[in-house]
Amino acid sequence: MMKKYEHSEIEKKWQAVWERDALFKTGERADKEKYYLLEMFPYPSGKLHMGHVRNYSIGDVAARFLVMKGYNVLHPMGWDAFGLPAENAAIKNGIHPYIWTKENIKEMRTQQKQLGFMYDWDREVATCNPGYYKWTQWIFIQFYKNGLAYKKKNPVNWCPSCETVLANEQVVDGCCERCGSAVGKRDLDQWYLKITDYADRLLADLDTLDGWPAKVKTMQKNWIGKSTGAEVDFPVTNSDKKLKIFTTRPDTLFGVTYMVLAPEHPYVKELTDGTDHEAAVTEFLAQLQYLSDIDRNSTTLEKEGLFIGRYAVNPLNGAEVPIYIANYVLMDYGTGAIMAVPAHDTRDFEFAVKYELPIIPVVDPGDPAIDVNDLKEAFVAEGTMINSGEFNGKNNKEAIADIIEHLETTGIGTRSVNFRLRDWLISRQRYWGTPIPMIHCPNCGWVPEKEENLPVLLPTDVEFSGKGESPLTTSKSFRDTVCTVCGGPAEREIDTMDTFLDSSWYFLRYCDARNDGEIFDKDKAKYWMPIDQYIGGVEHAILHLLYARFFTKFLCDIGWSPVAEPFTKLLTQGMVLKDGAKMSKSLGNVVSPEEIIEKYGADTARLFILFASPPEKELEWSDAGVEGSYRFLCRVYRIVGDYLAIAAAGSASPTGSASKNLTRAMNAAVKKVEEDVGRRFNFNTAISSIMEFVNAMYKWKDAGGTDAALAKQAAETLILLLSPFTPHICEELWEAAGHTASVYGEPWPSYDEKALELDTVEVAVQINGKIKARLNVAAGLTADALIENALASESVAPLIAGKEIVKKIGVPDKLVNIVVRG
RNA sequence: GCCGGAGUGGCGGAACUGGCAGACGCACCGGACUUAAAAUCCGGCGAUCCUUACCGAUCGUACCGGUUCGAUCCCGGUCUCCGGCACCA
């Protein structure tokens with residue numbers, strides 16, 4: 001064993017050994033319980049950042065621990081390899097996206113190996129490989145065949161100067177990120193997936209995910225945004241049209257004083273063309289066109305509206321109310337039209353005040369401080385119904401069901417549910433993504449590519465000019481094809497898929513990553529799924545995790561996925577901060593993993609990251625903290641060396657109470673690490689208990705400990721406990737302890753509950769809840785015996801002399817509380 | 001605005017089920033070793049007060065109140081910070 005801890009030498013040595021022995025290769029086994037552990041795969045942007053290091057360190061500790069606990073652990077890694085940055089690099093530097101991506105993957109894979117992360121590399125996937133995206137295309141075709149993929153017109157961001165489509169994130173303050181020109185809109189036919197068909201199940205099944213943070217479940221709940229209410233038809237005066245609205249407040253139907261249409265509502269033109277109001281309406285719509293989506297949807301935007309000269313009839317009471325168009329009503333939610341009840345809706349109230357529309361209260365707050373006939377703001381809480389005919393006097397919340405019942409029996413309206421969640425627009429006017437495997441035939445319309453022809457390969461004869469609708473239009477070989485139905489000439493879809501599709505099913509592919517004949521073997525997926533523990537950044541709390549759940553449910557419905565929910569337990573790790581802010585190039589507060597590995601080694605980097613903060617919390621980077629972690633590893637290296645020397649000396653003389661303390665510290669550490677890693681992923685407290693054990697080891701040595709057997713046991717236990725966290729130094733020390741096989745072939749140490757017992761314990765004695773004395777008593781006394789002891793003790797007796805004892809509470813091995821009066 | 005989460009020493013954090021607040025580490029201070037320094041090992045380290053010192057007392061987990069023998073933990077209210085959603089009818 002080397003005198004000094006030479007991290008760089010040790011780490012290279014063991015990384016090579018692990019690579020040679022393919023230590024972490026996994027297969028299906030009947031003799032062991034499976035555990036599927038997964039961290040979110042990275043986008044290959046170039047190099048690992050500290051967030052990656054944290055994510056994979058957490059996963060690696062869990063993986064190594066579970067292996068030692070005897071599980072058959074699947075722990076794979078891959079690359080979310082399609083996306084915009086690769087294409088931007090191509091436009092800027094003339095490097096093909098494929099080359100750029102492959103080089104980045106190579107670099108990042110090397111870094112992962114340098115950090116000692118343990119994966120089954122035989123299962124590695126990259127979403128940009130044809131062998132992978134073939135199956136992404138296959139899934140799309142299954143969606144299409146099941147009626148869950150469809151085309152619809154939707155406006156995209158269009159830069160008139162670059163003559164190209166821009167992603168939302170390429171639009172900065174309404175201008176093109178590259179050239180700065182004002183961004184306009186252009187309508188394109190685009191593909192959608194009907195995720196809304198799964199909205200109810202995606203919502204309901206959240207309740208089954210006990211292993212997910214409440215925060216993430218709430219975020220998904222809000223995102224899906226289920227609202228229950230009713231649709232009601234309002235006949236339009238002097239017309240055969242009926243205006244259908246959605247409301248969650250049928251109890252306020254009698255308070256409707258006007259209607260509002262979204263500006264894009266088809267009725268707007270139909271009801272105003274050829275009338276006196278046509279010109280004004282046209283101008284109003286024209287002005288709205290200039291607003292960006294962000295402004296249009298802003299809550300701070302002043303509400304603007306216009307009366308369109310038509311009226312609708314309230315089907316409940318026959319009242320005739322004016323119809324407006326206004327910027328605060330959205331076409332893509334509900335029916336694109338609302339009934340306005342200014343008395344009981346804040347937005348309607350604001351609008352009614354501005355345009356001097358009547359405000360009719362229909363819910364009485366029953367609060368003398370509020371004058372319902374002179375409301376200062378909308379009253380939105382619970383109350384008693386008034387001005388509402390037969391429903392007067394009822395509690396408004398309770399009356400909702402009655403009113404919906406009434407609407408349905410009279411044919412005026414129906415019970416209805418609406419979701420905030422929209423269908424998923426998946427078309428991207430980009431090159432570097434999975435080609436959408438659809439063909440447009442002039443005779444047959446849209447038809448899918450034949451499954452046996454997959455993958456539809458990305459062509460290489462493409463120009464990256466940064467111009468045009470999609471780079472794929474520049475490839476002659478790609479676009480022209482034949483119809484799979486009639487055989488006539490046809491054209492391929494030239495858009496590619498949103499990269500979120502690629503990452504919505506990769507975890508299933510890991511179960512059988514090299515299968516070329518089908519998406520995966522069902523038996524293998526059945527063996528491994530679901531993922532027992534998923535680990536990643538909270539920034540994916542909504543989109544990625546929702547899409548992955550959607551895909552899994554769909555694949556389950558068509559008989560492929562063995563489970564309907566992919567992730568049993570979810571851990572969302574906190575961000576890595578420096579000087580209180582997220583590390584970023586623009587702030588200049590980036591610490592690169594490379595420099596830390598170089599200076600202190602991977603083990604130190606991992607130890608610091610795991611020790612400084614619990615995984616789900618933010619982690620503040622501290623150079624001094626890194627230094628401290630490094631010092632601790634040096635301390636470990638030295639004490640293990642000392643202990644192995646004591647063991648080699650072969651003395652058998654036990655060293656009394658000092659040895660008992662060491663044995664207790666050792667067993668306590670085993671228990672604590674077992675619980676903190678196995679049960680709650682609190683690596684920071686697990687490490688602190690190992691530090692306490694190391695401190696106890698130094699104490700024992702200082703006290704002159706010579707017992708060879710105990711020294712060997714303590715040293716080896718320390719190595720085993722630390723091995724999930726800092727694998728390289730532990731393999732090195734394990735070898736120094738005389739072992740020839742890897743430490744990861746060892747079982748996790750067990751602890752002896754008996755060794756944790758103390759002979760005497762210190763208990764606190766409280767008088768009226770305040771600590772007044774401490775007593776050393778035999779451990780394990782009952783509450784009564786403890787109280788007797790306390791009352792009799794010379795430090796407590798004077799404190800209660802002459803006072804009336806009202807109550808006595810004893811907590812074994814902890815405390816006594818005596819309540820006295822007088 | 002709505003929905004979450006958090007607030008503990010100089011700092012990161014611990015206290016898991018209502019039972020001794022501040023484990024462990026960082027920083028700092030002191031001692032040993034050394035010609036010296038670094039490294040290392042050992043010890044101290046919430047605040048205020050009392051005391052020569054020892055001993056001790058009081059306060060203390062954002063703030064105000066409640067429940068309880070006992071509250072960092074449970075309940076009600078307030079403030080601040082962070083995150084998500086945001087004209088969703």
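In what follows, every chain begins at residue 1, and chains take the letters A, B, ... in the order their sequences are listed. Computed from a prediction, not measured in an experiment: that's the story for all the values here.
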Taken to the nearest whole Å, CZ/A/Phe632 to P/B/rC41 is 11 Å

Which part of the nucleic acid does A/Ser622 contact within heavy-atom distance under 4.0 Å: base, sugar-phosphate only, or nothing? nothing

I want to check one thing: is the phosphate of B/rC41, taken as OP1 and OP2, less than 4.0 Å away from some side-chain N or O of A/Arg638? yes

Answer for the Watson-Crick or wobble partner of B/rG4, both distances under 3.5 Å, is B/rC82

Nearest-Å distance, CD (A/Glu627) to C1' (B/rU40)? 14 Å

Should the ring pair A/His344 and A/Phe379 be called parallel, tilted or perpendicular, given that the plane angle runs from 0 to 90° and is split at 30 and 60? perpendicular

Is any side-chain heavy atom of A/Arg680 less than 4.5 Å from a side-chain heavy atom of A/Thr685? yes

Side-chain N or O of A/Ser227 versus OP1/OP2 of B/rA89: is the shortest distance under 4.0 Å? yes

Look at the side chain of A/Arg635 and decide which nucleotide, out of B/rC42, B/rC16, B/rG13, has an atom nearest to it. B/rC42

With rounding to the closest Å, how many angstrom separate the C1' atoms on B/rC20 and B/rU78? 31 Å

With under 30° as parallel and over 60° as perpendicular, where do the rings of A/Tyr630 and A/His7 fit, or are they tilted in between? perpendicular

Taking only the C1' atom of each, what is the distance from B/rU8 to B/rA47 in whole angstrom? 14 Å

Pairwise P distance for B/rG66 and B/rC73, with rounding to whole Å: 14 Å

With heavy atoms under 4.0 Å as the rule, sort A/Glu692 into base, sugar-phosphate or nothing. sugar-phosphate

Counting just side-chain N and O atoms, does A/Arg631 come under 4.0 Å of either OP1 or OP2 of B/rA39? no

How about A/Phe351 and A/Tyr258: are their ring centroids closer than 6.0 Å? yes

Is the shortest heavy-atom distance from the side chain of A/Tyr355 to the side chain of A/Glu304 under 4.5 Å? yes

Looking at B/rC41, I'd like to know if its phosphate oxygens (OP1 or OP2) sit under 4.0 Å from a side-chain N or O belonging to A/Tyr698. yes

Of the listed nucleotides B/rG83, B/rC20, B/rC85, the one nearest the side chain of A/Ala764: B/rC20

Taking B/rG84 as the reference, what is the distance to B/rG44 when you measure between their C1' atoms (whole Å, please)? 46 Å

Selection from B/rG43, B/rC41, B/rC20 that lies nearest to any side-chain heavy atom of A/Asp702: B/rC41

Between B/rC55 and B/rA71, how far apart are the C1' atoms? Round to whole Å, please. 30 Å

If you look at every strand shown and take non-hydrogen atoms under 4.0 Å, does A/Gly225 touch a base, only sugar-phosphate, or nothing? nothing

Walking RNA chain B from its 5' end, the first of A/Gly625 and A/Lys807 to be reached, judged by nearest nucleotide, is A/Gly625

In the structure shown, which nucleotide is the Watson-Crick or G-U wobble counterpart of B/rG25, with both distances under 3.5 Å? B/rC11

Quick check: any donor-acceptor pair below 3.5 Å linking the side-chain of A/Asn817 to the base of B/rC69? yes

Would you kindly give the CE-to-C1' distance between A/Met259 and B/rA89, to the nearest whole Å? 11 Å

Torsion-based syn/anti label for B/rG43, 90° from 0 as limit: anti

Closest of B/rC16, B/rC24, B/rA89 to the A/Arg679 side chain is B/rC16

What is the distance, to the nearest angstrom, from the NZ atom on A/Lys578 to the P atom on B/rG12? 15 Å

Could you give the distance separating B/rG46 and B/rC79 at their P atoms, to the nearest angstrom? 34 Å

Mind telling me whether A/Phe683 and A/Phe725 have parallel, tilted or perpendicular rings, with 30° and 60° as the class edges? perpendicular

Quick note, A/Thr685 side chain, CB onward, closest among B/rC69, B/rG13, B/rA14 is B/rA14

Between B/rC3 atom P and A/Leu206 atom CG, what is the distance in whole Å? 19 Å

Smallest separation among heavy atoms of A/Arg549 and A/Leu202, with atom names: NH2-O, 2.8 Å

A/Asn695 side chain: which of B/rC24, B/rU58, B/rC87 is closest? B/rC24

Given B/rC16, B/rA89, B/rC82, the nucleotide with the shortest approach to the side chain of A/Leu330: B/rA89

Applying the 3.5 Å cut-off to both distances, the Watson-Crick or G-U partner of B/rA71 turns out to be none

Between A/His265 and A/Tyr267, how do the two ring planes meet: parallel, tilted or perpendicular, split at 30° and 60°? perpendicular

Please state whether the phosphate of B/rC2, meaning OP1 or OP2, lies under 4.0 angstrom from any side-chain nitrogen or oxygen of A/Asn222. no

Just how far, in rounded Å, is C1' of B/rA89 from CG of A/Leu261? 13 Å

Looking for any heavy atom pair under 4.0 Å, which part of the strands does A/Ile771 touch: base, sugar-phosphate only, or nothing? sugar-phosphate

For A/Phe681 and B/rG13, what is the distance between atoms CZ and P respectively, to the nearest whole Å? 20 Å

Whom does B/rU51 pair with, Watson-Crick or G-U wobble, provided both distances fall under 3.5 Å? none

Checking contacts here: which listed nucleotide (B/rA86, B/rG4, B/rC16) is nearest the side-chain heavy atoms of A/Arg420? B/rA86

Is there a side-chain contact between A/Lys3 and the phosphate of B/rA39, meaning an N or O under 4.0 Å from OP1 or OP2? no

Does A/Lys772 reach a base, just sugar-phosphate, or nothing at all? Heavy atoms under 4.0 Å. sugar-phosphate

Expressed as a whole number of Å, how far does the P atom of B/rC59 sit from that of B/rC64? 14 Å

Give none if B/rU35 has no partner; otherwise give the nucleotide forming a Watson-Crick or G-U wobble pair with it, both distances under 3.5 Å. none

Return the pairing partner of B/rC16 with a 3.5 Å limit on both distances, Watson-Crick or G-U wobble; otherwise return none. none

CG of A/Leu577 versus C1' of B/rC81: gap in Å, rounded? 14 Å

Could you tell me whether A/Val811 contacts a base, only the sugar-phosphate backbone, or nothing, with contacts defined as non-hydrogen atoms closer than 4.0 Å? base

Closest of B/rG12, B/rC87, B/rG4 to the A/Phe611 side chain is B/rG12

Below 3.5 Å, does any donor atom in the side chain of A/Lys303 face an acceptor in the base of B/rC87, or the other way round? yes

Within the distance-only criterion (no hydrogens, no angle test), does the side chain of A/Arg54 pair as donor or acceptor with the backbone N or O of A/Val576 below 3.5 angstrom? no

Criterion side chain to side chain contact (heavy atoms under 4.5 Å, CB included) on A/Phe349 and A/Ile359, from CA distance to verdict: CA-CA 8 Å; A/Phe349 186 89; A/Ile359 298 170; 3.9 Å; yes

Categorize A/Lys699 for me: base, sugar-phosphate, or nothing, with a 4.0 angstrom heavy-atom threshold over every strand shown. sugar-phosphate

What distance, rounded to whole Å, do you find between the two C1' atoms, one in B/rA38 and one in B/rG19? 47 Å

Nearest-nucleotide comparison on RNA chain B, the residue closer to the 5′ end among A/Phe419 and A/Lys617: A/Lys617

